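Everything numeric here is computed off the predicted structure, so don't read it as measured data.
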Amino acid sequence: MSVCPALRRGEGGFVCGYTSKPIDPFSWYCIGNYTECPIFIRYTREEKTRAAPPSKPEEAPKPLAEVLPLAPERVEAEFEKAIKPVIDNIVLKYDDLVKKLDNMWKEYEGDVVKIRRQWEVEKMSLLRAQEILNRTIGDYEKMLSGLELKKEFLPPESYENAKRDIEAKLGALRSLLEEVQSKYAALEEGLGAHFKRVLSTSTSAEVISLKLSLSKLDELLKEGKISRETYEKLKKELEELLK
């Protein structure tokens with residue numbers, strides 16, 4: 001490693017021997033390509049001019065690599081002594097940060113798995129609510145159809161009032177169903193993204209947990225606690241995660 005012979009180490013850091021000013025050798029020319037340093041070139045030229053005999057004709061300058069000695073080994077030793085603590089500090093710092101990230105990932109992984117398990121249980125209420133809303137909407141649609149069949153036998157005012165009442169309830173139920181479906185889909189997508197991220201780098205424990213969830217679904221279907229439609233939907237979602 002070529003180090004500028006004018007590089008000196010002071011109490012507060014490195015100092016340029018030509019200017020006696022502090023200098024950062026890592027962002028300047030001091031290490032490796034110091035012969036290209038403007039300060040080095042100017043001072044070496046001045047020294048050469050002062051040292052040349054007045055009567056001797058000026059000779060063509062030789063390449064700096066031929067006229068300048070390599071940096072003393074002592075300077076390199078001082079540089080290595082100075083840089084080693086810097087390297088050690090950086091290595092220790094990022095080794096500690098990596099360990100912290102590992103711990104944060106383990107905590108994140110555990111939280112995702114725990115929340116996903118809770119969601120698999122509690123989302124049944126949202127699915128059940130959607131089933132009830134769909135069924136209720138179907139009932140009101142039948143009532144509206146039945147009202148149309150009775151239209152000729154009802155007073156106009158009674159017919160209009162009944163129709164308006166049914167349509168208002170249908171509108172409210174449909175809005176509620178749309179809201180529940182939208183929020184359910186957003187939660188399913190958000191939690192699914194986190195779980196897929198964990199599943200892609202985790203051990204097989206989560207896979208086993210998913211398989212247990214599939215078995216649980218079979219039990220819920222046999223016990224009549226969920227419909228065939230809900231069962232098929234949840235089973236598909238779980239099987240997608242296992243791929």
Side-chain angles (χ1 to χ4, degrees), residues 1 3 9-14 22-28 30-32 76-131 133 176-221 223 225-227 229-243:
M1 181 185 296
V3 180
R9 185 182 178 195
E11 293 183 359
F14 290 96
I23 193 167
D24 181 1
F26 306 106
S27 60
W28 198 239
C30 309
I31 302 168
E76 289 195 16
E78 288 182 358
F79 169 75
E80 291 174 4
K81 184 178 179 181
I83 195 63
K84 191 175 186 305
V86 176
I87 294 172
D88 290 343
N89 286 338
I90 293 174
V91 170
L92 289 172
K93 174 185 175 181
Y94 282 91
D95 182 61
D96 183 56
L97 288 173
V98 168
K99 290 178 181 177
K100 287 181 179 178
L101 288 173
D102 288 340
N103 291 332
M104 290 167 65
W105 174 257
K106 288 178 182 177
E107 184 177 352
Y108 165 77
E109 184 181 59
D111 287 343
V112 169
V113 172
K114 182 175 70 174
I115 292 170
R116 179 72 192 192
R117 285 173 179 166
Q118 292 174 350
W119 171 246
E120 290 301 324
V121 174
E122 295 184 28
K123 76 178 184 180
M124 296 299 180
S125 297
L126 294 179
L127 292 170
R128 180 64 175 166
Q130 292 177 60
E131 288 182 4
L133 284 169
L176 180 58
L177 176 60
E178 184 178 347
E179 180 183 354
V180 174
Q181 288 174 333
S182 174
K183 291 181 177 179
Y184 173 85
L187 287 170
E188 186 70 13
E189 182 180 357
L191 289 169
H194 283 285
F195 194 73
K196 285 179 181 178
R197 187 181 302 135
V198 168
L199 195 63
S200 65
T201 58
S202 185
T203 62
S204 60
E206 284 71 36
V207 178
I208 294 172
S209 175
L210 279 177
K211 290 179 179 178
L212 290 174
S213 296
L214 284 171
S215 299
K216 183 66 175 177
L217 275 181
D218 291 333
E219 293 178 13
L220 292 173
L221 178 66
E223 294 172 2
K225 294 182 179 179
I226 57 174
S227 66
E229 181 182 357
T230 301
Y231 167 81
E232 294 295 344
K233 181 179 180 181
L234 292 176
K235 183 180 179 182
K236 183 179 178 182
E237 291 172 357
L238 291 171
E239 286 175 343
E240 283 293 322
L241 290 173
L242 284 169
K243 289 181 179 180

Closer than 4.0 angstrom, basic N to acidic O: yes or no for R116 and E188?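 E188 and R116: salt-bridged.
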
Any salt bridge between R128 and E131, counting N to O under 4.0 Å?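 Salt bridge present between R128 and E131.
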
Which atom pair, heavy atoms only, marks the closest approach of L133 to L177?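 For L133 versus L177, the nearest heavy atoms are CD1-CA, 3.8 Å.
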
Looking at [X], I want to see if its [atom1] is surrounded by more than 12 non-hydrogen atoms of other residues, nucleotides or ligands under 6.0 Å.
X	atom1	result
Q118	CD	yes
E229	CD	no
E223	CD	yes

How far does [atom1] of [X] sit from [atom2] of [Y], to the nearest 0.5 angstrom?
X	Y	atom1	atom2	answer
L187	E122	CG	CD	11.0 Å
M124	W119	CE	CH2	10.5 Å
L127	Q181	CG	CD	10.0 Å
D102	L97	CG	CG	11.0 Å
L101	D96	CG	CG	10.0 Å

Tell me every residue that passes ring pair (Phe, Tyr, Trp, His ring centres under 6.0 Å) with Y94, counting only those two or more places apart in sequence or in another chain.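 If we apply the ring pair (Phe, Tyr, Trp, His ring centres under 6.0 Å) test to Y94, skipping adjacent residues, there are no hits.
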
Among V112, V113, I115, find the residue that satisfies the side chain to side chain contact (heavy atoms under 4.5 Å, CB included) test when tested with H194.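 When V112, V113, I115 are each tested with H194, the side chain to side chain contact (heavy atoms under 4.5 Å, CB included) holds only for V112.
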
Can you confirm whether K93 sits close enough to N89 that some side-chain heavy atom of one is under 4.5 Å from a side-chain heavy atom of the other?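 K93 vs N89: side chains apart.
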
